[in-house]
Amino acid sequence: MATASIAIVETPLVNYALRRGDDALILGHRLSEWCGHAPMLEEDMALANMGLDLIGQARELYSYAAQAEGAANTEDTLAYLRDVRQYRNLLLVEQPNGDFARTMLRQLFYSAFADPYWRAMMGSSDPTLAAIAAKSEKESAYHLRHASEWVIRLGDGTEESHRRAQTAIDELWAFTGELFHVDDGDAALIKDGIAIDPERLRGVWSETIATVLSRATLQRPNSDWMQQGGRAGHHSEHLGHLLSELQSLQRSFPGATW
Amino acid sequence: MYTQALNAPQSDERHLEDADKSARFEARVANEQRIEPNDWMPAAYRKTLTRQISQHAHSEIVGMLPEGNWITRAPTLRRKAALLAKVQDECGHGLYLYAAAETLGSSREELVDQLLGGKAKYSSIFNYPTLTWADIGAIGWLVDGAAIMNQIPLCRCSYGPYARAMIRVCKEESFHQRQGYEIMVTLSRGTDEQKAMAQDALNRWWWPCLMMFGPPDQQSQHGNQSTRWKIKRFSNDELRQKFVDATVPQARYLGLTMPDPELRFNDATQHWDFGAIDWQEFADVLAGFGPCNRDRMAARRKAHDDGAWVREAAQAYADKERARRAADNAVAA
């Protein structure tokens, strides 16, 4: 027996909170996959830490989305009872962990955006989003530092680590354009001062990436072709597998309390 | 998570050592004074502690695997965060304990090599599989519960760094134990399927948990020396009985049935009598023939091998940085 997915009334605000919540949950879930399998115990601790921060952010954003929707949804129905087409996360964060270089480059690309993003969102006219931003900003600053330091070490480490880091950049680069995605619903929220225009962050993001890659002796790819779709539910094939694992108990035992 | 009496034979090296120092050491231990890393200690004391602390550290690290098996499938976001934090705590305990072992003169790398080479042991309990979500509850309730019984006396262990590590570890373990029990309460108040899941988990984990306390006292090979050195404060059987006495009422509160038809309260001793433990199973699991021994070691070896290039990169970068700084200083001079 399977549990049907929930329906959601996607107002611009609900959608906005859901998208950021989905980013945090899916990336947090990916990081949690490392737990017990990292290259060193210190990194088991650090990856779990970042995963916990992100899962915490997801819970706050889902609770706010549920409240904004005003229906019977909760953080758990939003996380566990939406199918792949209802998820709104960036394609970047659903990409598999791959090797440690790929995980760290994915984190760098995301955190180099999330850090200035949450700092800017502290000025949101929506007090709940501003409060979530104030907490998330501290966390994302640490995530960015951690990922940057590792990318520098991998890029400027051994031949093998350099090759792996460059491969990760080349494979993930096409998913970075979506960080700056805005649709009509977002535009209305930006106009009202609830959301910030991500275009404002493109300069600082590019500069952070350029600085880190340069210290790491790594190259930014020449291609500027960008793949998009996550924000509208057009995902890679990876997300369905992640969700089938994440949601397995809620789907197998409908209505149970855990 | 946990330490276990594994009864490896040990040599007696005291005859090689200074009789005066040895007498002073024994007197300090007898007076409940802590032995610290720079203090003189008998070689056999150092060896016993290195073995026990490193086995304890290995157990924490291998113990991340059975619970880690459910992080990606935890049924709610709250449970997911709690489980991830719990497994992270186990990793922290492992790090602490490797650091405590290092104060006795063995490096973490050396100790980890012993584990990966199959020369060092870890707790038998982690060679059992986590098959359902209820196993996460049962591990917290029973495995962490048994660990606490073992570890609280270790907070008074004669070796200072181990005793102090145990104080923090025990605080976190008792939090984990409550979390595990709370999962069991939720399941036992849930649907029929959830209740069956909880009962099945208790059935599978109960006997292996009783084995965690090590062989019966009459078979224990080196309990006496550890007791005299105040490393061990209670015998295996004493701790096992304490655990049974504490756990039976908790199972009743959950409405679960203990998988032991011989379990009954003894009015004369005021303890719960329990049935015979299958010591052959314990011996088999310790010898490498448990249900998950091969999977656990394969997972640890894979993490170690797959991570080698990352550790090499970090080392290469540190070397380059040092060379760059030296070059800068040479120019400045």
Side-chain angles (χ1 to χ4, degrees), chain A residues 25 28-49 51-52 55-56 58-59 62-63 74-76 78-80 99-101 104 149-150 152-162 164-165 216 242 245-250 252-253 255-258, chain B residues 57 60-85 87-92 94-95 98 108 112 132-133 183 186-187 189-191 193-194 197 299-300 302-304 306-321:
Chain A
L25 176 62
H29 181 99
R30 282 293 188 216
L31 292 173
S32 80
E33 291 172 351
W34 274 104
C35 191
H37 309 279
M40 59 197 77
L41 296 179
E42 286 79 357
E43 211 48 37
D44 275 303
M45 302 282 288
L47 293 165
N49 237 346
L52 279 166
I55 291 166
R59 294 182 66 186
Y62 286 154
S63 295
T74 64
E75 60 173 44
D76 286 326
L78 290 173
Y80 287 88
D99 62 15
F100 186 71
M104 278 303 141
E149 287 181 2
W150 265 117
I152 291 165
R153 276 159 183 71
L154 297 179
D156 192 20
T158 62
E159 252 177 65
E160 179 179 9
S161 68
H162 180 89
R164 287 175 183 264
L242 185 157
E245 197 171 333
L246 186 142
Q247 299 178 339
S248 60
L249 278 174
Q250 290 280 358
S252 307
F253 300 95
T257 302
W258 300 94
Chain B
E60 300 282 358
I61 300 307
V62 177
M64 294 169 73
L65 298 171
E67 292 180 282
N69 184 38
W70 280 89
I71 291 171
T72 56
R73 291 179 290 171
T76 68
L77 295 181
R78 181 171 79 90
R79 295 285 186 211
K80 193 181 189 68
L83 181 58
L84 180 54
V87 179
Q88 188 195 31
D89 281 349
E90 312 295 359
C91 185
L95 275 171
Y98 282 127
R108 196 210 298 184
V112 168
T132 72
W133 173 251
I183 291 176
T186 306
L187 293 174
R189 305 276 181 275
T191 65
E193 279 168 310
Q194 287 175 304
M197 204 185 270
R300 285 314 309 158
K302 184 172 190 309
H304 187 79
D306 289 356
W309 68 270
V310 179
R311 298 189 298 274
E312 283 159 19
Q315 186 60 52
Y317 178 80
D319 293 344
K320 285 186 200 178
E321 279 287 276

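Quick caveat: nothing in here was measured; it's all calculated off a predicted structure. These values consider heavy atoms only, across backbone and side chains, with no hydrogens, waters or symmetry-generated copies. All chains are named by letter (A, B, ...) in the order of the sequence lines, taking the proteins before the strands, and each is independently numbered beginning at 1.
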Legend entry - Results of ring-ring contact (aromatic ring centres under 6.0 Å, His included) for Y62(A) - residues two or more places apart only: none
Inset, instruction - Could you have a look at L65(B), D89(B), T132(B), L95(B) and say which one has the most heavy-atom pairs with chain A under 4.5 angstrom? - result: L95(B)
Inset, instruction - Look at R108(B) together with E42(A) and state whether they make a salt bridge at an N to O cut-off of under 4.0 Å. - result: yes
Inset, instruction - Name the member of A313(B), P75(B), G68(B) that forms the most heavy-atom pairs with chain A at distances under 4.5 Å. - result: P75(B)
Inset, instruction - Give a yes or no on whether the backbone of G36(A) and the side-chain of R300(B) come within a donor-acceptor separation of less than 3.5 Å. - result: yes
Inset, instruction - For each of Y317(B), Y98(B), W133(B), tally heavy-atom pairs with chain A at distances under 4.5 Å, and name the one with the top tally. - result: Y317(B)
Inset, instruction - Under 4.5 Å heavy-atom distance to chain B, tell me which part of A38(A) shows up: side chain, backbone, both or neither. - result: backbone
Legend entry - Smallest separation among heavy atoms of M45(A) and G92(B), with atom names: SD-N, 3.4 Å
Legend entry - Choice from L242(A), D44(A), N49(A), L47(A) maximising heavy atom contacts with chain B below 4.5 Å: N49(A)
Inset, instruction - Could you have a look at V87(B), T191(B), I61(B) and say which one has the most heavy-atom pairs with chain A under 4.5 angstrom? - result: I61(B)
Inset, instruction - Kindly write out the residues that satisfy side chain to side chain contact (heavy atoms under 4.5 Å, CB included) with S32(A), not counting sequence neighbours, or none if the list is empty. - result: I71(B), T72(B), L84(B)
Legend entry - Part of I183(B) lying under 4.5 Å from any heavy atom of chain A: neither
Inset, instruction - Pick one of side chain, backbone, both or neither for L187(B), based on which atoms fall under 4.5 Å of a heavy atom in chain A. - result: side chain
Inset, instruction - Answer whether the closest heavy-atom distance between the side chains of E75(A) and T76(B) falls below 4.5 Å. - result: no
Inset, instruction - With a 4.5 angstrom heavy-atom cut-off, could you sort out which part of L41(A) is near chain B: side chain, backbone, both or neither? - result: both
Inset, instruction - Could you have a look at G56(A), A256(A), A58(A) and say which one has the most heavy-atom pairs with chain B under 4.5 angstrom? - result: A256(A)
Legend entry - Interface residue of largest heavy-atom contact number with chain B, from T74(A), L25(A), T257(A), under 4.5 Å: T257(A)
Legend entry - V310(B) side chain near D99(A) side chain, heavy-atom distance below 4.5 Å: no
Legend entry - Interface residue of largest heavy-atom contact number with chain B, from Q247(A), E159(A), R59(A), under 4.5 Å: R59(A)
Inset, instruction - For the pair D76(A) (side chain) and L77(B) (backbone), establish whether a donor and an acceptor sit closer than 3.5 Å, ignoring hydrogens and angles. - result: yes
Inset, instruction - Against chain B, label I152(A) side chain, backbone, both or neither, depending on which of its atoms sit under 4.5 Å from a heavy atom there. - result: both
Legend entry - Part of Q194(B) within contact of chain A (heavy atom distance under 4.5 Å): side chain
Legend entry - chain B contact via W34(A) - side chain, backbone, both or neither, heavy atoms under 4.5 Å: neither
Legend entry - Part of R79(B) lying under 4.5 Å from any heavy atom of chain A: side chain
Legend entry - Portion of Y80(A) that has a non-hydrogen atom of chain B nearer than 4.5 angstrom: side chain
Legend entry - Heavy-atom pair with the smallest gap, counting every atom of P39(A) and G307(B): CB-CA, 3.6 Å
